[in-house]
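What follows is one structure encoded as structure tokens, with my remarks underneath.
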Amino acid sequence: MAESDLYGLAMLWELEKGHVGTKSDLLMVFVHWYLTKNNFRNVGVGDDKTLNDQIQRSELLPEGWNGSNETYALRYAIGNELYILHGTVSNDTMILNLLQVKTLKVSNAAFDLNTTIRAVTGDSVETLITDIDKQVLRLRNELKNPIMEGASPSAGTQTDRPEAESSLPRNNPLRAEQRINDPMQRFVGRGDLDPLGRLGGGMLMENPRNAFPNLGNLGGLPQPRPRFDPFGPNVNRLNRPGPDNDHLPPPGYDDMFM
């Protein structure tokens with residue numbers, strides 16, 4: 001880490017070193033510096049989960065921040081979001097928890113005080129913290145990032161669906177325009193795409209001779225001639241003398257087994 005990345009740490013140390021009596025105190029000063037470097041602002045001590053807009057926000061540690069050498073509770077804010085930092089010492093290990101009050105997300109980091117902090121007195125705080133670059137990296141990856149980053153992606157909406165179809169290959173038969181324009185695909189599901197028959201066909205009944213004018217004689221076989229009754233009265237039948245097939249009963253109509 002470049003020296004400029006530690007900007008502000010030496011100034012904070014000069015202000016607070018008179019209040020540092022234990023290794024856990026020094027670690028809390030270090031954590032506070034890192035949070036304020038990342039836009040957190042202190043809004044007091046304690047566990048109060050309400051954020052008053054009138055409270056002063058500061059880059060400095062509040063009075064009484066190290067009232068107990070075993071437990072710490074500091075409140076921070078970014079915009080309208082409240083965060084609570086807890087520090088607890090157990091068997092020479094400092095356990096840190098950062099809570100985002102609104103979402104109840106919690107991040108955790110544990111530091112061995114004897115290996116992380118060399119001493120609590122000295123003119124340069126950088127020399128008091130073992131491998132300070134590594135400790136900064138741990139605060140970022142274990143304490144800050146888990147609650148500030150990694151939001152789940154948005155679920156897809158209906159407006160996203162046209163993009164899904166457009167991502168299909170141009171020759172994919174699932175594309176509607178491919179089925180319409182490809183001669184090999186024109187009659188596959190054509191009626192579903194165009195029930196009115198504007199693309200040549202459709203689900204509405206039509207004379208097959210009109211739909212397939214080039215069928216030819218199919219190897220010499222006679223073309224099928226299905227009967228199509230016109231809509232409405234058959235005017236030609238009414239004007240034709242004598243009975244026709246519509247007036248005659250079907251053969252065997254009086255046979256009970258028909």
Side-chain angles (χ1 to χ4, degrees), residues 1-46 51 55-90 92-101 105-151:
M1 175 178 291
E3 183 179 355
S4 59
D5 292 338
L6 300 177
Y7 178 80
L9 180 58
M11 182 181 300
L12 180 64
W13 174 244
E14 289 297 322
L15 293 173
E16 297 294 342
K17 65 181 180 180
H19 301 113
V20 172
T22 64
K23 291 183 177 181
S24 59
D25 285 349
L26 176 53
L27 186 58
M28 287 299 293
V29 171
F30 179 58
V31 175
H32 171 84
W33 162 80
Y34 178 78
L35 292 178
T36 56
K37 182 178 175 65
N38 286 275
N39 300 319
F40 288 79
R41 295 295 179 263
N42 183 265
V43 290
V45 296
L51 182 61
I55 194 171
Q56 182 179 1
R57 305 184 182 201
S58 175
E59 297 180 9
L60 302 177
L61 279 164
E63 184 178 354
W65 63 269
N66 61 343
S68 170
N69 292 331
E70 298 296 327
T71 59
Y72 303 81
L74 298 174
R75 305 169 70 243
Y76 294 88
I78 297 180
N80 295 323
E81 298 295 330
L82 178 64
Y83 300 82
I84 297 179
L85 174 68
H86 284 102
T88 304
V89 179
S90 176
D92 296 326
T93 298
M94 182 75 161
I95 302 172
L96 299 170
N97 306 110
L98 184 60
L99 166 70
Q100 186 181 38
V101 173
K105 285 184 177 181
V106 180
S107 59
N108 306 278
F111 292 84
D112 187 315
L113 292 174
N114 293 326
T115 59
T116 304
I117 308 297
R118 295 191 179 100
V120 296
T121 58
D123 293 332
S124 175
V125 66
E126 298 176 35
T127 63
L128 301 180
I129 300 176
T130 304
D131 196 354
I132 193 169
D133 294 350
K134 176 183 176 181
Q135 310 311 329
V136 170
L137 187 63
R138 288 196 59 196
L139 291 177
R140 183 187 71 184
N141 294 336
E142 299 177 32
L143 201 66
K144 180 181 75 73
N145 284 359
I147 61 172
M148 301 298 292
E149 299 179 358

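We number each residue from 1, following the sequence as shown. All of these numbers come straight from a predicted model, not from anything done at the bench.
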Please evaluate residues Y34 and V31 with respect to the criterion side-chain contact (heavy atoms from CB on, under 4.5 Å), reporting the C-alpha separation (whole Å), side-chain torsions for both, the decisive distance (0.1 Å), and the verdict. CA-CA 5 Å; Y34 178 78; V31 175; 5.7 Å; no
Is there a donor-acceptor contact under 3.5 Å from the side chain of [X] to the main chain of [Y]?
X	Y	result
S107	I147	no
W33	W13	no
K37	D5	yes
R138	L143	no

How many angstroms lie between [atom1] in [X] and [atom2] in [Y], if you round to the nearest 0.5 Å?
X	Y	atom1	atom2	value
I95	T71	CD1	OG1	12.5 Å
N39	E59	CG	CD	9.5 Å
D92	S24	CG	OG	10.0 Å
L51	R57	CG	CZ	5.0 Å
I129	F111	CD1	CZ	9.5 Å
D112	L27	CG	CG	10.5 Å

Test of understanding: with side-chain hydrogen bond (donor to acceptor under 3.5 Å, both in side chains), list the residues that count as partners of N108, not counting sequence neighbours. N97
Taking all non-hydrogen atoms of both residues, which atom of [X] and which atom of [Y] are closest, and how far apart?
X	Y	result
N66	H19	ND2-O, 2.6 Å
K23	V120	N-CG1, 3.5 Å
A77	V43	CB-CG1, 4.1 Å
G44	N42	N-OD1, 2.9 Å
R118	T130	CG-OG1, 3.4 Å
L128	A119	CB-O, 3.6 Å

With a cut-off of 3.5 Å and sequence neighbours excluded, list every side-chain donor-acceptor pair involving residues 80-90.
unit_1 : atom_1 : unit_2 : atom_2 : d
Y83    : OH     : Q100   : NE2    : 3.0
H86    : NE2    : D47    : OD1    : 2.4

Are [X] and [Y] close enough that some pair of their side-chain heavy atoms sits under 4.5 Å apart?
X	Y	result
T36	R41	yes
M28	V20	no
F30	V125	no
L9	I132	yes

R75 and V45: side-chain contact (heavy atoms from CB on, under 4.5 Å), yes or no, with the steps? CA-CA 6 Å; R75 305 169 70 243; V45 296; over 6 Å; no
Proximity of Y76 and H32 rings by center, below 6.0 Å: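 When the ring centroids of Y76 and H32 are compared, they turn out to be within the sub-6.0 Å range.
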Trace of the side-chain contact (heavy atoms from CB on, under 4.5 Å) decision for M94 with T116: CA-CA 10 Å; M94 182 75 161; T116 304; over 6 Å; no
Go through the steps to decide whether L15 and L61 satisfy the test side-chain contact (heavy atoms from CB on, under 4.5 Å), and finish with yes or no. CA-CA 9 Å; L15 293 173; L61 279 164; over 6 Å; no
